[in-house]
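Computation of the quantities below employed the complete heavy-atom set of this structure, encompassing side-chain atoms and omitting hydrogens, waters and symmetry-equivalent molecules. Below, read A as the first sequence line, B as the second, and so on, with proteins coming before strands; counting in each chain starts at 1.
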Number of protein chains: 2
Amino acid sequence: MADPIAKTVKPLRGGAARPAAKRGTGARKLVKAAQSVGEAGDAAAAEGARPPGRRERAGEARRAAILKAALAVFARLGPDGASVEAIAQAAGVSKPNLLYYYPSKDALYLAVLEQGLALWLSPLGRFTEADDPAEAIGALIAAKLEMSRDHPEVSRLFALEMLRGAPLLKPVLAGPLKAVFDAKCAVVGAWVAAGKLAAVDPPHLIFAVWALTQHYADFAVQVRALTGKTLTDRAFMEETRDAVTALVLRGALP
Amino acid sequence: MADPIAKTVKPLRGGAARPAAKRGTGARKLVKAAQSVGEAGDAAAAEGARPPGRRERAGEARRAAILKAALAVFARLGPDGASVEAIAQAAGVSKPNLLYYYPSKDALYLAVLEQGLALWLSPLGRFTEADDPAEAIGALIAAKLEMSRDHPEVSRLFALEMLRGAPLLKPVLAGPLKAVFDAKCAVVGAWVAAGKLAAVDPPHLIFAVWALTQHYADFAVQVRALTGKTLTDRAFMEETRDAVTALVLRGALP
DNA sequence: TCCAAGTTTGACCAAATGGTCCAGATTTGA
DNA sequence: TCAAATCTGGACCATTTGGTCAAACTTGGA
């Protein structure tokens, strides 16, 4: 895939009308998705609020199945290694049918990325200066680790994007993510100033939490090879959470 | 690339003799490379110790150029996204010429991996029970961070491999790496038992060092987007080293 | 100088793959 | 019940790409 964005923007082919799915294009779409993280779900309710017929529901299910399969395949093989055919097969759908719902591989990839974005960003939730640092940081670590356990493919997908140099994500990083990041850095800074935290460097503290928690998803194979355990193992999950939390808190508390 | 190993093992084509380059095949090769990490360099000296003529040297240079270009391209685009043509171009060589030195894309990929392996494994150097924990851990962190600064592509390449599920590396992980890992865990365990270290969980401590240091190479785009800095920035490098070291040591020392 | 071995490349080939067409099946709404 | 709208998938196409071939070009040594 050369330039996902450029190829995605193209005239619709003449035939039958397509299910409404492409609002916004390329990276802009991702930024928009990222910004609406905290907002209310955009489910029905908005415009044409007619009850979904059997057909519509089936279509939505198919679309979801495709998206799910695509996430799995993209996260494992990467956007280049994954073939449309393979994704279609994994979703139990014919290739042309997949292309009916998502007009191109790039569009599909973008959709997968978009879908994962909210989930990916969510753990850096809303903790404020007023919160207790130990509790807030502990909660963040727990949330990120659960994310690594329950949605490792999402973590891997974004890791993959980072490794490629984040061609699609850069706007998100520089925009919405930076905004949240700066805000959280400020909170940490305030904690430090208030003497609630040792003199840690806020950005590095946040990087540390990310790195420590994502490691168990992105490098799961290595972790498994070396310890024989996975986060799905209840005991290992708790052990990991305790170890990471202890490390960070002991390192950050006064 | 479906199965790098299977495709690599194939009869040499009938024509001219190939430069001796393929000893061992596929994953076995990688394990061998990993095992010989500490050993002396296998430069000349061995068999035919005649002085290298101009031609031979030129060939070796070309081979090195190809390997270097391949590392860069593979690390950025992944083994599937990288085309032989692109690598050849980056190396300033024609495609058939590249294929002359490395009989297939898979073989080249394997060679790149093999080359990086020693470097990748080396930082987990030789620290023993007798060493001072703070010093040893500090040195490890420093070494890994330098690695992230000076050879980020290597780090990314291996991260990529992990994300794909380490099809080629699994034997290395389960073999040589696990051996070193277990040994180092034992050392950490001994430190804990001797009261030189708090009651940390050895595997998680090591994972922590890996995760914290590799993050700055693998997620360099994100770090740059959020802080505007890179490890190549001297001040940022030191700041990072201090932050990571402080975090780990404060978390691990009694 | 001449030759055999090694090196380089333009032209080509076959497979894989993203994407298109179209004809037929299925729903939906009137 | 019927026509319009929407789905579905087999056949097909163009491009990309890993890899091959044969012919031309270097180079080191007898």
* Tell whether A/K95 reaches the base of C/dG18 with its side chain through a donor-acceptor pair below 3.5 angstrom. => yes
* Asked: What integer distance in Å separates A/I87:CD1 from C/dT17:P?
  -> 12 Å
* Structure fact -> Rounded to whole Å, OH of B/Y102 lies from C1' of C/dT7 at a distance of 15 Å
* To do: Calculate the interatomic distance between A/Y101 atom OH and D/dT6 atom P; express it in whole Å.
  => 12 Å
* **Integer-rounded Å distance: C/dG18 C1' and A/E85 CD** => 11 Å
* Anything under 30° is parallel, anything over 60° is perpendicular, the rest tilted; go ahead and classify B/F181 against B/W210. => tilted
* Is there a donor-acceptor pair under 3.5 Å between the side chain of A/S155 and the backbone N or O of A/P152? -> no
* Under 3.5 Å: donor-acceptor pair, side chain of B/T227, backbone of B/K229 -> yes
* Find the distance A/Q89:CD to D/dT8:P and express it as a whole number of Å. => 18 Å
* Taking the side chain of B/S104 as its heavy atoms from C-beta onward, which of D/dA11, D/dG19, D/dC21 lies nearest to it? -> D/dG19
* To do: Establish, yes or no, whether a centroid distance under 6.0 Å links the rings of A/F219 and B/F158.
  => no
* To do: Examine D/dC7: is either OP1 or OP2 under 4.0 Å from a nitrogen or oxygen in the side chain of A/R63? Give yes or no.
  => no
* NA contact type, A/A82, heavy-atom cut-off 4.0 Å: base, sugar-phosphate, or nothing? -> sugar-phosphate
* To do: Take the protein atom NZ of B/K105 and the nucleotide atom C1' of D/dT16, then report the distance between them rounded to whole Å.
  => 11 Å
* To do: Report yes or no: does A/K144 contribute a side-chain atom to a donor-acceptor pair with the main-chain N or O of A/L212 at less than 3.5 Å?
  => no
* **B/Y109 OH to D/dT17 C1', straight-line distance once rounded to whole Å** => 18 Å
* Asked: Can you check the B/N97 CG to D/dC21 P distance for me, whole Å?
  -> 17 Å
* Asked: Just to confirm, is there a sub-4.0 Å distance from OP1 or OP2 of D/dC7 to any side-chain nitrogen or oxygen of A/Y100?
  -> yes
* To do: Using a heavy-atom cut-off of under 4.0 Å over every strand shown, decide if A/A88 touches base, sugar-phosphate, or nothing.
  => nothing
